[in-house]
Amino acid sequence: MIRLTFPDNSSREFAPGITGREVAEGISKSLAKKAVAMALDGELADLSDTIDRDARIEIVTRDDPRALGLIRHDAAHVMAEAVQELYPGTQVTIGPVIENGFFYDFHRNQPFTTEDLPAIEAKMREIVKRNAAFTKEVWPRDRAREVFRDKGENFKVELVDAIPEDQDVKIYRQGDWFDLCRGPHMASTGQVGDAFKLTKVAGAYWRGDSTKPMLTRIYGTAFAKGDELAAYLHMLEEAEKRDHRRLGREMDLFHFQEEGPGTVFWHGKGWTMFQQIVAYMRRRLRGSYDEVNAPQLLDKSLWETSGHWNWFRENMFMARSAGEETDDDRVFAIKPMNCPGHIQIFKHGLKSYRDLPLRMAEFGIVHRYEPSGALHGLMRVRAFTQDDAHVFCTEDQMAAECHRINELILSTYRDFGFEEFVVKLSTRPEKRVGSDEAWDRAEAIMGDVLREIAEQSGGKIRTGINPGEGAFYGPKFEYVLRDAIGRDWQCGTTQVDLNLPGRFGAFYVDTDGEKKTPVMIHRAIVGSLERFLGVVLEHYAGHLPLWLAPVQVVVATITSDADDFARSVQAGLEVAGLRTALDTRNEKINYKIREHSLAKVPVILVCGKREAEERSVNIRRLGEKDQASMSLETAMKALADEAMPPDLRRAGAKAAT
RNA sequence: GCUGCCGUAGCUCAGUGGUAGAGCACUCCCUUGGUAAGGGAGAGGUCGACAGUUCAAUCCUGUCCGGCAGCACCA
């Protein structure tokens, strides 16, 4: 006999070989009817599985959170059946559950389009209605191979071959249709329910490999209940509203146009915001970094020395004289990185060990040729400004410098309102320069630092390893932020480099009078200013904190009687250091409020006859319906205080104590 | 780069094998109105570019450019 323990800690004995369904039926008919799966010692399994050992058992019903993955997985199978029923000759491949739904990849000569989705969805509902039971069979490998080969399912044959020898080849049937699958599944297709929707169609490479055939992938999502699906779809709409490309247009921050793919036209307001970020960074660097500026165009030979011409050429732009008469055919590269330039500055003049660590920063504009399909608003561009720096130091100083940088990065993110981030260590890639010994040393130091970062944060900062993802010259930390639409963006990076300084022959004079090669740490905090600005925009959905808002206050009049007073209010705010605009147009106050609210201006000061007489203002904050009336003086003081950047506020608080 | 979809006024979009329309925005006029659109008039387009089919192309076909989604890439 085996002993099964139930969630209420009661337990009963059963004959070995009993199925989950039989256990459920033994408890109650209604439970058996509601059951979609079971969990044995916490692990999901088919209801029809037999149980041969002592275990904790839970009967999983459709409203159990764990059922969601099953619903989606089964929906993927139902979709595959629907597709093969509607479009014979289509091959099935894989169909996993993903974060917000599921997909299934198909091979078909004519790819699917979104216009096919309604028909597939309708067929899916039909299959769900049929409510065929899911049944599992274990097949000998050869039979599986043969059956799929005879059906023309070549991709499935490959999948069968990829299953490790010690694992069963499992086949799940639903009516006449069957698929190779790891399982588990619910009891029948009817349990998928009707809260599903096919969302999009896209190409995807077989096995994620761009040298392999492109399949057509259909994405869908499914929920236990209809209102959950509706809530999800609503959430997607809301997320779209905070897309930085849309906000950029609505707030008049920047634009893109055809002639400059992947390059930004910054408008006045966007550039103001951009410069606020730069100003913040400059304040944070003051005292410990030298800000420098290296050339945009440098001879190709420099990039050959650095290794970029060899390893990075596909991503570089090249420039030469455009003159038709000239015989100067010298080739220059537009810099994709600042490091070679900074090494030239380091090399200019003798450096002593006393100069180290030498920290060199640049808000350098770099150009990188990105694949056209990668471009995405401000998030992925071909020309961007890095808040870049290179620290030249000794190997002994490296760990301390990494920690120093880590603190700078994390405090910066917090100042911009981010609380959640991940630090990942990327290790040596296949394409790289430098000896394995150098890589061993660099990775060892970085590994220690990563552990210390995790420990010091008390578990608040998640860390991880990205094997093989390092730069060609050294391992790196990647600092990743998650944006409001749930996308992860790599912003900061710290890269340890035991190679480039040596390649360029950079050295310092050590205590013993010998020439030594310094190591170099590449680091960026927000990374690309462009991308970071985009992330910040989405994070706040355009409702920026006052210190970042391009226009902080609009002074709007109700009647022209208040124009003179409004002008004096604006002038006073400007003197107090605020960025303001005046709206004395011949429009109703409703109209003005609406327009400035849509432009996401944080504060509107309304001035009418009454305010002009009392020398007061009426404050309306973005997103609030209520207003507050206060004296001009009080309002100015409060706004000036609120507009203080977080680093200055911190410095002020420290000075006061 | 790959697959699919898309490209019409500054923005959002409609439309047709016989060279174009709406709303908002813009300009002017009226309106001085107390917290998310007051009224009227006007101006504005090489229908992404280039080729082809056709008596005739914004519309059909092809190539290219750009955008969107996903994949691949992301130092």
Side-chain angles (χ1 to χ4, degrees), chain A residues 98 103 105 108 110-116 199-219 243 245-246 249-250 252 255-262 306-308 311-312 314-316 336-337 339 366 368-377 379-382 386 426 429 431-432 469-476 478 489-490 493 495 497 500 522 524 527-528 531 556-563 584-599 604-611 618-627 629:
Chain A
I98 51 174
F103 66 76
D105 285 348
R108 185 182 178 224
Q110 187 193 351
F112 294 106
T113 74
T114 41
E115 280 157 30
D116 298 321
T199 50
K200 56 194 167 196
V201 176
Y205 296 109
W206 170 234
R207 308 207 135 180
D209 183 340
S210 59
T211 63
K212 299 228 160 77
M214 179 150 285
L215 309 170
T216 120
R217 173 174 296 179
I218 302 179
Y219 284 92
D243 186 304
R245 292 165 297 186
R246 177 177 175 149
R249 192 170 53 238
E250 290 171 354
D252 190 20
H255 83 268
F256 292 88
Q257 65 186 51
E258 286 203 13
E259 293 82 353
S306 69
H308 286 87
W311 302 118
F312 203 62
E314 295 305 304
N315 297 285
M316 288 169 68
M337 295 186 197
C339 29
V366 293
R368 300 180 184 180
Y369 184 84
E370 300 285 352
S372 58
L375 302 179
H376 179 92
M379 303 304 202
R380 192 83 178 268
V381 287
R382 286 182 174 161
Q386 275 187 317
S426 295
K431 275 169 64 170
R432 61 176 183 265
E469 301 278 312
F472 70 82
Y473 45 74
K476 61 179 185 178
E478 290 184 350
W489 294 105
Q490 188 209 315
T493 175
Q495 305 172 7
D497 183 351
L500 279 190
H522 310 239
S528 150
R531 168 185 291 182
T557 51
I558 292 172
T559 70
S560 49
D561 294 341
D563 284 3
T584 54
R585 287 176 305 172
N586 178 13
E587 294 292 349
K588 289 195 169 178
I589 192 63
N590 285 315
Y591 181 93
K592 295 184 183 182
I593 294 287
R594 175 180 158 81
E595 195 173 85
H596 299 304
S597 298
L598 288 175
I604 302 172
L605 291 188
V606 175
C607 297
K609 214 182 225 169
R610 194 189 313 149
E611 284 76 14
N618 203 278
I619 295 198
R620 183 186 167 117
R621 310 290 307 220
L622 178 60
E624 287 174 23
K625 267 205 127 42
D626 298 335
Q627 311 117 45
S629 180

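Basis for what follows: all heavy atoms, side chains included, without hydrogens, waters or symmetry-related copies. Naming convention: chains lettered A, B, ... in sequence-line order (proteins, then strands); numbering from 1 in each chain. It should be emphasised that the depicted structure is a prediction, and the values quoted were computed from it without experimental measurement.
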Select base, sugar-phosphate, or nothing to describe what [X] touches, counting heavy atoms under 4.0 Å on all strands.
X: Arg249(A); value: sugar-phosphate
X: Tyr219(A); value: sugar-phosphate
X: Leu215(A); value: nothing

Query raised in the report: When you match Val201(A) and Thr557(A) each to their closest nucleotide on RNA chain B, which lands nearer the 5' end?
Result: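 Upstream on the strand: Thr557(A).
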Query raised in the report: With nearest nucleotides of RNA chain B determined for Ser560(A) and Pro261(A) from heavy-atom distances, which residue corresponds to the more 5′ nucleotide?
Result: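 Result of the comparison: Ser560(A).
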Taking atom [atom1] in both [N] and [M], compute the distance separating them and give it to the nearest angstrom.
N: U19(B); M: C59(B); atom1: P; result: 14 Å
N: C6(B); M: U63(B); atom1: P; result: 16 Å
N: C47(B); M: A9(B); atom1: P; result: 10 Å
N: A49(B); M: A41(B); atom1: P; result: 33 Å

Query raised in the report: So, does Arg531(A) use its side chain to make a donor-acceptor pair with the main chain of Gln490(A) at under 3.5 Å?
Result: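 Looks like yes, one N/O pair under 3.5 Å.
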Requested in this report: Would you mind checking if Arg246(A) and Asp243(A) are paired as a salt bridge, meaning a charged N to carboxylate O distance below 4.0 Å?
Outcome: no
Requested in this report: Would you name the heavy atoms of Met316(A) and Pro336(A) that are closest together and state the gap between them?
Outcome: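 Looking at all heavy atoms of both residues, the closest pair is CG-CG, 3.7 Å.
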Query raised in the report: So which heavy atom on Phe472(A) is nearest to which on Gly307(A), and how close?
Result: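 So the two residues come closest at CZ-C, 4.0 Å.
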Sort me out a list of protein N/O and nucleotides 72-75 of chain B N/O pairs below 3.5 Å, or just none if empty.
| from | atom 1 | to | atom 2 | distance (Å) |
| --- | --- | --- | --- | --- |
| A72(B) | O2' | Ser210(A) | OG | 3.3 |
| C73(B) | O2 | Arg380(A) | NH2 | 2.7 |
| C73(B) | N3 | Arg380(A) | NH1 | 3.1 |
| C74(B) | O4' | Arg380(A) | NH2 | 3.2 |
| C74(B) | O2 | Arg380(A) | NH1 | 3.0 |
| A75(B) | OP2 | Lys476(A) | NZ | 3.4 |
| A75(B) | O5' | Lys476(A) | NZ | 2.8 |
| A75(B) | O3' | Gln495(A) | NE2 | 2.6 |
| A75(B) | O2' | Tyr473(A) | OH | 2.9 |
| A75(B) | N6 | Asn315(A) | OD1 | 3.4 |
| A75(B) | N1 | Arg368(A) | NE | 3.0 |
| A75(B) | N1 | Arg368(A) | NH1 | 3.1 |
| A75(B) | N3 | Arg368(A) | NH1 | 3.0 |

Query raised in the report: Does any N or O donor sit under 3.5 Å from an N or O acceptor when you compare the side chain of Thr216(A) with the base of U3(B)?
Result: no
Query raised in the report: Does the base of G34(B) carry an N or O that pairs as donor and acceptor with the side chain of Glu611(A) under 3.5 Å?
Result: yes
Report task. Tell me, please, which residues at least two apart from Ala556(A) pass side-chain contact (heavy atoms from CB on, under 4.5 Å). Result -> Val554(A), Asp583(A), Ile589(A), Lys592(A), Ile604(A)
Query raised in the report: Between G34(B), C71(B), A36(B), which nucleotide has the shortest distance from any of its atoms to the side chain of Arg620(A)?
Result: A36(B)
Report task. Check side-chain hydrogen bond (donor to acceptor under 3.5 Å, both in side chains) between Glu595(A) and all other residues, then give those that pass, not counting sequence neighbours. Result ->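 Expected list: Arg585(A).
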